[in-house]
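Remember, it's a predicted structure, so these values are computed and weren't measured experimentally. Quick note on labels: first sequence line is chain A, next is B, and so on, each numbered from 1. Hydrogens, waters and symmetry mates are skipped; everything else that's a heavy atom, side chains included, is used.
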Amino acid sequence: MTYFCGSFFNMNIVSTLQGAVAKAVTELYGEATDASKVLVNTTPPDFTGDYSVVIFPFVKIAKKSPDVAAAEIGQYLADHVSEVKAYNVVKGFLNLEISDSYWQSFLQTVAGNESFGTTPNNGKKVMVEFSSPNTNKPLHLGHIRNILLGWSCTRLLEAAGYEVIKTQIINDRGVAICKSMLSWLKWGEGKTPESEGIKSDHFVGDWYVLFEQKSKAEYDAWQQTEVAHQLFESKSKPNQEAKDFFKDYKNKWFNEFSTLGAEVREMLLKWEAHEPETMALWQKMNGWVYAGFDQTYHNLGVSFDKLYYESNTYLLGKDIVEDGLAKGVFFKKEDGSVWVDLTDAGHDQKVVLRADGTSVYITQDLGTARMRHAELGCEKYVYVVADEQNYHFQVLFETLKRLGEPYAEGLHHLSYGLVELPTGRMKTREGTVVDADDLVAEVLRIATEQSSERGESEGVSQEEKQENLRRVGMGALKFFIIKVHPKKKMIFNPEESVDLQGQTGPYIQYSHVRINGLMQRIARENIDLAPASGYSGIQTQEKDLLLALHEYPDVVQKAAAEYDPSLVANFCYDLAKKYHKFWHDLSVFNADTTEARAFRLSLSKSVGQVLKSGMGLLGIEMPERM
RNA sequence: GGCUCCGUAGCUUAAUGGAUAGAGCAUCUGACUACGGAUCAGAAGGUUAGAGGUUCGAGUCCUCUCGGAGUCACCA
């Protein structure tokens, strides 16, 4: 029989080959093989062929040498699979050449099909939680990595067929925001973002910073007191320096000795009592922060479907604790505190409710998880949170599993490495935190500077020029961050992040701009692409593009399944690189024949589409010109 | 100290257990009177931290060692 593959929508050539190889092994050697385990790769450049089959796994079954088995399977494929034009064997690898007619029909299914690579809606819902800032400070570089990862994941999951609900939990209550509030109240003299001409979230952050400075001054002074000396004498470890001792002691001091600390706690109590003046102040300052965040989110091109506020969720979870006790998943200690014991899962015991009946961090996460599932009913819940919280999420998910929550298997922590500068970790105290707004402004400045040096955007309106510059600048920044595997700690070099050449976003955008130029000419001269099907003798540069395009749907699926946008980023770079090579080596409009011209135009159109689609999955837009 | 993660060229990084470890930056050298040179080609740069093991085959899996990070709060 023949495995001709007429439709690309349900089967591609790779799975055809896998199935045929499995069948060949069964028929030739009498042992069944799983088609999905047949290894089919694209053939490396130095060998003849499009795809290669690894034969080693079958030599035991065949009881023949790798080369003999490869030749037999190759012959079987040539006889039974119409797309296989020829084969050759090198050291146990079976290299297959695919017929041009296959590539012709493939190209026809791609060109003009905007949804190529994406899966139709599968009727399932998934929630992705990302960003989740505190409201006492503006967003910084760490948030940017989180936001880009989260956003890209939502796009990937959509492309894989899910309905996606984008959420963030806004940490709008607690000690941190109270510090900003108190600071403004004490020293603010009624100033506002408007009166000072400062972006409103930065304005609030400045009061937080001032509070920390005042607090530090108070602490330094306190360390000279008799009480402090006595504490140091009695509580320091042997040979411990005063500096190290007081560094460790800071929290305790703030809670027990600091007058500012006492004032902050008083404010927190007033907030919890819903004291009207405090609530008004809280709302005013959070309002400033949200206005600032909105602008930053807008600049980053992201949005949310549903917002959760910690002020509404921080008391959740008490009922789940009762539930856990009833189910015997939790237990109560003598002092009344409630615990979960995960020692058999390699974790420790963990408090889920204090002796005084108040919540801890994990309590609200338990409650929020249950509430959200009741509200959203998703299949999966993805939490985009930095890897310093790996342990917390292991404990959280394991606990929910033991509680028998129905969504427990769908929970996923998308953990990512911290962003560091070439000089090391960002530190608030040393002022090395890279501010999100500053960074965005900087990449736009560089893009503008580079563009004016090239001076190629004449005859374009000012608005269009601005928009294209924005896309290039943001493209550089976003690609730089997202090309790195999420799990890996990232070294962020500000200078390299705005590079516009080499393995960068603009490099990919540029290949799209070139294609855009071709498409405009097609429209202008009314060029017919139909002759493409009469083209024969596909060149290696063209074949490389076809092979890459062919891989796109699998890349999207894999990236979605692994929550890994870097796969798509690297794919786009690879495709753009192959297109630049093609562009350099082969003439499109000056091709020898109208068939070749139409084929190359059709191929270019497909590459343009896929690049736009792939970069779109990363949240990167394509400029029309640059 | 326990647990987890990471270690690839000077730097930033890629590689479902498959062929000679692939790119970019930086360095050096070339390529448009052809569709846009933010491009292309070439040179140089590697004991994949180290040592064992499993396998026809290991950067990838297992064990140990070294180096780095995170975490082990009735903080969030």
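OP1 or OP2 of B/G37 lies within a sub-4.0 Å distance of a side-chain N or O belonging to A/Arg514. Taking side-chain N and O atoms only, A/Lys488 has no distance below 4.0 Å to OP1 or OP2 of B/C5. A sub-4.0 Å separation between OP1 or OP2 of B/C40 and a side-chain N or O of A/Tyr507 is present.
Straight-line distance from the OH atom of A/Tyr510 to the P atom of B/G36: 8 Å, rounded to whole Å. Per the geometry, NE2 belonging to A/His512 stands 20 Å off P belonging to B/C35, to the nearest Å. Between the C1' atom of B/A19 and the CD1 atom of A/Ile55 lies a distance of 13 Å, rounded to the nearest Å. Across the protein-nucleic acid pair, A/Asn493 atom CG and B/U13 atom P stand 10 Å apart, rounded to whole Å.
At a threshold of 4.0 angstrom between heavy atoms, the contacts of A/Ser52 include nucleobase atoms, whether or not backbone atoms are also involved.
No more than 12 heavy atoms of other residues, nucleotides or ligands lie within 6.0 Å of CD in A/Glu495, so this atom counts as exposed by the packing criterion.
Pairing of B/G52, defined by two Watson-Crick or G-U wobble distances under 3.5 Å, is identified with B/C62.
Relative to the ring axis of A/Tyr416, A/Arg145 does not place its NZ or CZ within 45° and under 6.0 Å from the centre. Figure legend: cation-pi geometry between A/Arg514 and A/Tyr579 absent, as NZ or CZ is not positioned both under 6.0 Å from the six-membered ring centre and within 45° of its axis.
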Tabulate protein N/O versus nucleotide N/O from nucleotides 23-30 of chain B, keeping only pairs under 3.5 Å, one per line.
unit_1, atom_1, unit_2, atom_2, d
B/A23, O2', A/Tyr573, OH, 3.0
B/G24, OP1, A/Lys577, NZ, 3.2
B/G24, O2', A/Gln503, N, 3.1

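For B/A15, its base never sits under 3.5 Å from the side chain of A/Asn41 at any donor and acceptor pair.
With salt bridges taken as basic N to acidic carboxylate O contacts below 4.0 Å, none links A/Glu496 and A/Lys483.
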Practice task
If a protein heavy atom is under 4.0 Å from the base, mark B; if only from the sugar-phosphate, S; if neither, -; do that for nucleotides 68-76 of chain B going 5' to 3'.
Solution key: --SSS-BSB
